[in-house]
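I have placed the structure first, in the form of structure tokens, so that the comments after it can refer back to it.
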Amino acid sequence: MRSTRPILWIRAARKDFQDFPQGASDDLLDALTAIAEGAAPDIAKPLTGLGSGVMERALRFRGDAFRVVYALRVGAEVWVIHAFQKKSKSGITTPRQQIDLVRERLKRLKETLR
């Protein structure tokens, strides 16, 4: 029997995620479910400078880019820290403002879970 980790959301991330188009949110939820079940995340990359286990899952959908940032090593759950539509035209790099927001949310989450 497979052990599935719960997927928990920071409230602001869930709110932003709910604004994604239906197809994009479905694909990203499927990916998060696979990750919670222990599968290797596809098209995910670690976000450097934020600690081990903080990953970003990117999805191209109808010409737009949607991203979900999650933490695998904060408790036994998969925590969704941030969800956003990338609008920057500066390549695939995650914008500094988004990284700073993830850093702040991750810090608050860790403080709350202590």
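FYI, side chains are in, hydrogens and waters are out, and symmetry mates aren't considered; it's all heavy atoms of this structure.
Electrostatic pairing of D100 and R96 counts as a salt bridge here, judged by a charged N lying under 4.0 Å from a carboxylate O. Ion pairing between a basic and an acidic side chain is recognised when a charged N comes within 4.0 Å of a carboxylate O; R5 and E77 show no such pairing.
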**Study point:** Worked check of side-chain contact (heavy atoms from CB on, under 4.5 Å) between I7 and I35
**Key:** CA-CA 9 Å; I7 301 171; I35 291 160; over 6 Å; no
Exercise for review: Give the C-alpha distance, both sets of side-chain angles, the deciding distance and a yes or no for side-chain contact (heavy atoms from CB on, under 4.5 Å) between V68 and H82.
Suggested key: CA-CA 6 Å; V68 172; H82 187 36; over 6 Å; no
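Between S25 and F66, the closest side-chain pair of non-hydrogen atoms is not below 4.5 Å. For the pair K86/P95, a side-chain contact is recorded, criterion being any heavy-atom separation below 4.5 Å from C-beta on.
Taken to the nearest 0.5 Å, the CZ atom of R67 stands 11.0 Å off from the CZ atom of R57. L59 CG to D64 CG: the interatomic distance, rounded to the nearest 0.5 Å, is 10.0 Å. Atoms CD and OG1, from E56 and T94 in turn, are 3.5 Å apart once rounded to the nearest 0.5 Å. We find the CG-CD distance between D26 and Q22 to be 4.5 Å, quoted to the nearest 0.5 Å. Rounding to the nearest 0.5 Å gives a distance of 15.5 Å between CZ of R105 and NZ of K110.
In terms of heavy atoms, G49 sits closest to R103 at O-NH2, 3.6 Å. Shortest non-hydrogen contact noted between R60 and A65 is NH1-CB, 3.7 Å.
Taking Ile, Leu, Val, Met, Phe, Trp and Tyr as hydrophobic and joining them when side-chain heavy atoms fall under 4.5 Å apart, one finds F84 in a cluster with L8, I10, L47, L50, V54, V69, V74, W79, I81, I99, V102, L106, L109, L113.
The side chain to side chain contact (heavy atoms under 4.5 Å, CB included) test with L28 is passed by exactly one of F61, F20, Y70: F20.
Within 6.0 Å of CD in E111 there are more than 12 heavy atoms belonging to other residues, nucleotides or ligands.
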Could you go through residues 12-19 and list every donor-acceptor pair under 3.5 Å that involves a side-chain atom there, pairing it with any protein atom two or more places apart or in another chain?
none

